[in-house]
Amino acid sequence: MKIATFNINGIRARAEALPRWLRAAEPDVVCLQEIKCVDEGFPREIFEDMGYRVETHGQKGFNGVAILSKHPLEDVTRGLPGDDGDEQARWIEATVCGPRVVRVCGLYLPNGNPAPGPKYDYKLAWMARMEARVRALLTSEEPVLFLGDYNVIPQAEDAAKPEAWTEDALFLPQSRAAFRRILHLGLTEAVRTRAPRPGLYTFWDYQANSWERGNGIRIDHVLMSPQAADLLEETGIDKEVRAGDKPSDHVPVWVRLAA
DNA sequence: ATGGCTTGGGAACCAAGA
């Protein structure tokens, strides 16, 4: 079973590029971020016609997450617990009833810039809430995956130019420490585990010819509970998608689980 | 580089992204 994450930067803007990748990669499940539309505005027919169930957690203009799945989805929940006043659509969960039953959490972690400031405070508070949610889900001792745009560069080798990010919310020590706190609850970071080498990126800015210059960062991640990690067979970053027509600035990251 | 594109909102530019 192949499970992926893809920050598509606007679902309507990706009405051609996303189906093109889906046909080529044939994932069973995809967590999408930055759909940038309300639930009613999501072009679900495009994906239903391709055999996917569609669950969305949208918001007007910004943010928004969704899950596409070839297998039935149960117990869908929307929003990250811990702050009833949080209006931003950045978290969705569902249980995928496929060859394996797995809980999937799709997340769009706040950018946090500029730091310091209220946006950075929100990022750190959001990460603390995520830590609590991960802790709660781990008690199930079931396969759980946390896929999405973490907006965190975990280590210097995850950036082509780490020196350019030292003051940035994506790479500040506090951001990386919060990421490690989540990871160290007992999760496995799929790509780091299966392909531990520098030069693997998931995002290239639209500006300054970042793609052509190889100026990328790795901020989209798949974290897995021990029971999910036990099933891990393969990981991948579909970087060639960045060179396609009208691409997102992110590319898909995926894992393949046994059965 | 005090952001060089891209997106959505909404009708001329502006916020937000990373």
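Side chains are part of it too, since the values below use all heavy atoms of this structure and drop only hydrogens, waters and symmetry mates. All chains are named by letter (A, B, ...) in the order of the sequence lines, taking the proteins before the strands, and each is independently numbered beginning at 1.
- Y150(A) has its OH atom 19 Å from the P atom of dG17(B), to the nearest Å.
- One atom, CG of D149(A), and another, P of dA16(B), lie 17 Å apart when rounded to the nearest Å.
- Within the nucleic acid shown, N7(A) comes within 4.0 Å of sugar-phosphate atoms alone, with no base atom in reach, counting heavy atoms only.
- Taking atom P on both nucleotides, dA15(B) is separated from dA1(B) by 23 Å, rounded to a whole Å.
- The environment of E212(A) atom CD is dense: over 12 non-hydrogen atoms of other residues, nucleotides or ligands sit within 6.0 angstrom.
- Heavy atoms of N63(A) sit nowhere under 4.0 angstrom from any nucleic acid atom.
- Between H250(A) and dG17(B) there is no side-chain polar atom (N or O) within less than 4.0 angstrom of OP1 or OP2.
- Nucleotides dA12(B) and dT2(B) have their C1' atoms positioned 23 Å apart, rounded to a whole Å.
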Candidate pair N215(A) and W204(A), rule side-chain hydrogen bond (donor to acceptor under 3.5 Å, both in side chains), full reasoning = CA-CA 6 Å; N215(A) 184 17; W204(A) 294 261; over 6 Å; no
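- Nucleotide dG17(B) holds its P atom 10 Å from the OH atom of Y122(A), rounded to whole Å.
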Start with the C-alpha distance between D249(A) and R242(A), add both sets of side-chain angles, then the distance that settles salt bridge (Lys or Arg N to Asp or Glu O under 4.0 Å), and finish with yes or no.
-> CA-CA 7 Å; D249(A) 40 8; R242(A) 186 64 178 78; over 6 Å; no
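- Computed from coordinates, the R242(A) CZ to dA18(B) P distance equals 13 Å when rounded to whole Å.
- Taking atom CD on Q88(A) and atom C1' on dA15(B), their separation rounds to 13 Å, with Å as the unit.
- Going from atom NZ of K123(A) over to atom P of dA18(B) covers 9 Å, rounded to whole Å.
- The pair E48(A)-R53(A) fails the salt-bridge criterion, with no side-chain N (NZ, NE, NH1 or NH2) lying under 4.0 Å from an Asp/Glu carboxylate O.
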Below 3.5 Å is the cut-off: list the nitrogen or oxygen pairs between protein and nucleotides 3-8 of chain B, distance only.
from: dG3(B); atom 1: N2; to: D205(A); atom 2: OD2; distance (Å): 3.1
from: dG3(B); atom 1: N3; to: Q207(A); atom 2: NE2; distance (Å): 3.4
from: dT7(B); atom 1: OP1; to: R14(A); atom 2: NH1; distance (Å): 3.1
from: dT7(B); atom 1: OP1; to: K246(A); atom 2: NZ; distance (Å): 3.0
from: dG8(B); atom 1: OP1; to: A13(A); atom 2: N; distance (Å): 3.4

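- Of the options T5(A), N9(A), N7(A), D149(A), a side-chain hydrogen bond (donor to acceptor under 3.5 Å, both in side chains) to Q33(A) is made by T5(A) and by none of the others.
- In this structure, CZ of R176(A) is placed 16 Å from C1' of dA18(B), rounded to the nearest angstrom.
- Applying the 6.0 Å contact sphere to CD of E163(A) captures more than 12 heavy atoms from other residues, nucleotides or ligands.
- Salt bridge present: R181(A) and E131(A) bring a charged side-chain N and a carboxylate O closer than 4.0 Å.
- Only the C1' atoms considered, dG3(B) is 16 Å distant from dT7(B), to the nearest whole Å.
- In the interface, the side chain of N111(A) is paired with the base of dA18(B) through a donor and an acceptor atom under 3.5 Å apart.
- Across the protein-nucleic acid pair, I217(A) atom CD1 and dA18(B) atom C1' stand 6 Å apart, rounded to whole Å.
- Residue-level contact check: Y108(A) touches the backbone only, with heavy atoms under 4.0 Å from sugar-phosphate atoms and none from bases.
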